[in-house]
Every structure is written in structure tokens, then in C-alpha cells.
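In what follows, a structure is listed as C-alpha cells, so that the remarks can point back to it.
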Amino acid sequence: MKVLHVVGARPNFMKAAPVYRALARRGHEQALVHTGQHYDALMSDVFFMALEIPNPDESLNVGSGSHAQQTAAIMSRFEPVVLTRKPRIVLVYGDVNSTVAAALVCSKLGIRFGHVEAGLRSFDRSMPEEINRLVTDQLADFLFTPSVDGDENLAREGVAKEKIFLVGNVMIDTLIQFLPQADKIYPQLKAELSLGSFGLVTLHRPSNVDDESTFLPMLQTIDSLSGELPLIFPVHPRTRQKWETRLKKCNPNLRVIAPLGYLEFLALQKNAKVVITDSGGIQEETTFLGTPCLTLRENTERPITVTIGTNLLIGRDWELLRKGFHEALNGPRKQAHCPPLWDGKAAERIAEILTSKL
Ligand code: UD1
């Protein structure tokens, strides 16, 4: 069976890695297409190295642009790749522009494709990722869901039951595989960053960082909380481009640094007292690790991290942020559990299903 994987942005790489390996173990022929949506070495190359993924067989080099420009560029450059390589199946990951662009190309060419991390919904169509999820799931032939809420969402949207497979969370497969390595590098990282007790911050969503009436009060609150606990803030290029000058004025306890590699970031998530974020994947990783997570969003497409995990939705309530922060530090802490099937075997299930069905 010839499988073509499409990745493009940082959160895709950790999802594709275990699926690639599980299919390789079964002897399938595979190729990897990198759209180039993320292109900085720190957003892309370092992940290929750390996650031990082979170099891309095809690089589409699309770079940045408006959503329409980026999606269109991926489509027009991906179409000839599919036509030449004639895969039996294409796999797309997550909810980024690369995901939906590849999904559209495959469905118009009549090439079957699977969506890994299907069914997640925030029910907020102002999020570009929600549009990407809705479109991709309507078109996919195989929908691999990480949790049961995904199955329910897809059933409600009329997706045929036979196409839906509850497999668990592939990102957690990667976390479980690489946690021992992250533990190993932690003492050195701790020394390099002179860490004692600390918290971790990431912010990149357009709805948080594009508009100063949202971003500035958010940053001010985080900046003042760093007076109580040093906070490490690896900054996404999008946030840095917009706020470089303002970030330089932060309290020195808010440590603004470059994006980190996979192992480094994982080690920090595990050892942080609290994580403040607007990312999707970090809500899941902190739930697995048992680290309190304060999510600066009004909603989440990963509700299981709130219902049974460590996640608390803060929205834009800065008082709630302070309260959540103090509880994470001093208690009482929310009781949390690991969701079912987040067990390191999701990619194996995907590989089994594809091998038996195709
Ligand atoms: C994308 C995904 C988002 C995911 C995030 C993780 C979409 C719609 N969004 O958001 O779901 O959570 O990745 O990082 O696909 N830039 C660089 N260097 C890079 C990449 C980006 O400088 O390597 C800058 C560019 O100026 C670009 C901006 O960051 O315009 C945003 O990048 P883009 O890929 O459009 O979306 P993200 O905000 O990264």
C-alpha cells in the first residue's frame, strides 16, 4: 500500500511521526509531503530531527500568506504531487490550512484520504481551524477520532458510522515515546535556563495576539503574575512579529525566549507548576502529564481536557486567570484523569485499520 502523509505546521509533525512509524513496521511504501506552511528552522526542522521523522520527500515551500493565498498555494502545488505519486491513500493531520487544502485536492481527484484527529469541534466558526475541521471531516473517507466526543460530533453532522474509528490520541503516542528522552535532557535544560519553580506560557492565536485591546491586558496580567512565579514564554513568530517592542518591556521574571524544540518543551510542560496557553495540543499534553493548564480561550475543541483533565477555560476573565494561577500553585487542585485510549497505541490502531481495510 502506498501512503502519502501531508504535514505543514508545527502541530502536525508530532501527530504524523507515530503513524509513519506504525505503517513502516507493516512494510508499507510511504512518502512525506511538507507544505512549508511553517518554514522557520525552529518551527519545523528541529521537530523532524527530534521526532526522528525522515526528511520530506516533497517540499511545497508555500510559506506565509492570507488564508486564501496559503490554502490555494498548497492546493495548486499538492495536486501534481498526487497525480504523479498516485497514492492508495493520503493521510492529513489536525486542523491547519495544510490539512484542509490537501483534503480538497484529494476529494476532487477521487483519491481516498484519512483525517487523523477527526471530529473535534469548538463550535466557534470565527476560528479558522474550526472551518478547516468541518470541511475536512465532511470529505474524509477515514475519520480517526481521539476521543468519544469526536464520534458524537461526526454522527450529528451526518458522517456515516462506517467511516469513523475511535483510535485515541496520536499526539500522546509521541509524548509517551519521547518522555524518557525529555526527562534525560531536563537537568541540563534546567541549568541552562537557571530554573527553580516556574510556569510556562504560550500565546499565538490570532484572536488573542492580533488585537491590542485583548493582547495588552492579557500580557499585563501574565507579566504581573510572573512576580509571584517566574514564567518561561517561548514566543511564536506570529506573536513576536507583532509585539517585539512591547515584549522587551516585560518584567525580567517573564522570560521571553525563542520557540523551543519538542523535547525541551515537553520537559518544561512536565515540570512546570502551571501552563498558561491558547494552544490546542498543549491542553491535551498537560492533561496527560497532570500539569494544571489555564487556557486563554472562550471555548475548546478538546472538551475532555476540561471535563476529566487538568484544563480550565479562562476566556478573557483576568480575575479568573489570577484565581486559577493561585490554585495551581497553592491548591485546591482539580482532580484529573487521563482520557480513555490516550495510551500510546493510537497510531498502531490506525495502521491496523488501514492495513485491513485497504
Ligand atoms: C498555525 C495553525 C494553528 C496552529 C499553529 C501552531 C492554521 C490556520 N493555523 O497557526 O492551528 O495552532 O499553526 O503553530 O493553519 N511564521 C513565521 N515562521 C514560521 C511560520 C509562521 O514567521 O515558520 C509567521 C508568519 O508571518 C505567519 C504567521 O507566523 O504569517 C502565522 O503563521 P500561520 O502558519 O499562518 O499560522 P499560525 O498562526 O502559525
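Note that the structure is predicted; figures quoted are calculated from it, not measured. When a ligand or atom number is given, it counts from 1 through the structure's own listing order. Below, each value reflects all heavy atoms present in this structure, side chains not excepted, and no hydrogens, waters or symmetry copies.
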For this session: Spell out, as yes or no, whether a donor-acceptor pair under 3.5 Å connects the side chain of D223 to the backbone of C250.
Result: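 Answer holds: no.
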
Exercise. Taking the side chain from R10 and the backbone from H38, do they hold a donor-acceptor pair closer than 3.5 Å?
Worked result: no

Would you mind listing which atoms of ligand 1 come within a distance below 4.0 Å of any non-hydrogen atom of [X]?
X	value
D95	11 (O)
H67	8 (C)
S64	25 (C), 26 (O), 27 (C), 30 (O)
P237	16 (N), 17 (C), 18 (N), 22 (O)

Among all protein heavy atoms, pick out the one at the shortest distance from [atom]; state its residue, atom name and that distance to 0.1 Å.
atom	result
atom 2 (C) of ligand 1	V96 CG1, 3.6 Å
atom 7 (C) of ligand 1	Q37 NE2, 3.6 Å
atom 26 (O) of ligand 1	Q241 NE2, 2.9 Å
atom 39 (O) of ligand 1	H38 NE2, 2.7 Å
atom 16 (N) of ligand 1	Y39 OH, 3.5 Å
atom 8 (C) of ligand 1	N97 OD1, 3.3 Å

Seminar exercise, completed: To atom 35 (O) of ligand 1, the nearest of Q70, Q69, E130 on a heavy-atom basis is Q70

For this session: Can you figure out which of H204, R10, R238 has its heavy atom closest to atom 5 (C) of ligand 1?
Result: H204

Side chains of [X] and [Y], heavy atoms from C-beta outward: is any pair under 4.5 Å?
X	Y	answer
K334	E327	no
F78	E58	no
Q269	C293	no
D173	W342	no

Exercise. Judged by modelled atom types alone, do T202 and H236 share a side-chain donor-acceptor pair under 3.5 Å?
Worked result: no

Exercise. Distance only, no hydrogens: is a donor on one side chain within 3.5 Å (strictly under) of an acceptor on the other, for N61 and S59?
Worked result: no

Please classify the [X] to ligand 1 contact at 4.0 Å (heavy-atom distances, strictly less than): side chain, backbone, both or neither.
X	value
M43	side chain
E129	side chain
P11	side chain

Exercise. Can we say R121 and E129 salt-bridge, meaning some charged N sits less than 4.0 Å from an Asp/Glu carboxylate O?
Worked result: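 No, no charged N to carboxylate O under 4.0 Å.
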
Problem set entry | Intermediate values then yes/no, side chain to side chain donor-acceptor pair (under 3.5 Å), S279 and H204 | CA-CA 7 Å; S279 151; H204 76 278; 5.8 Å; no

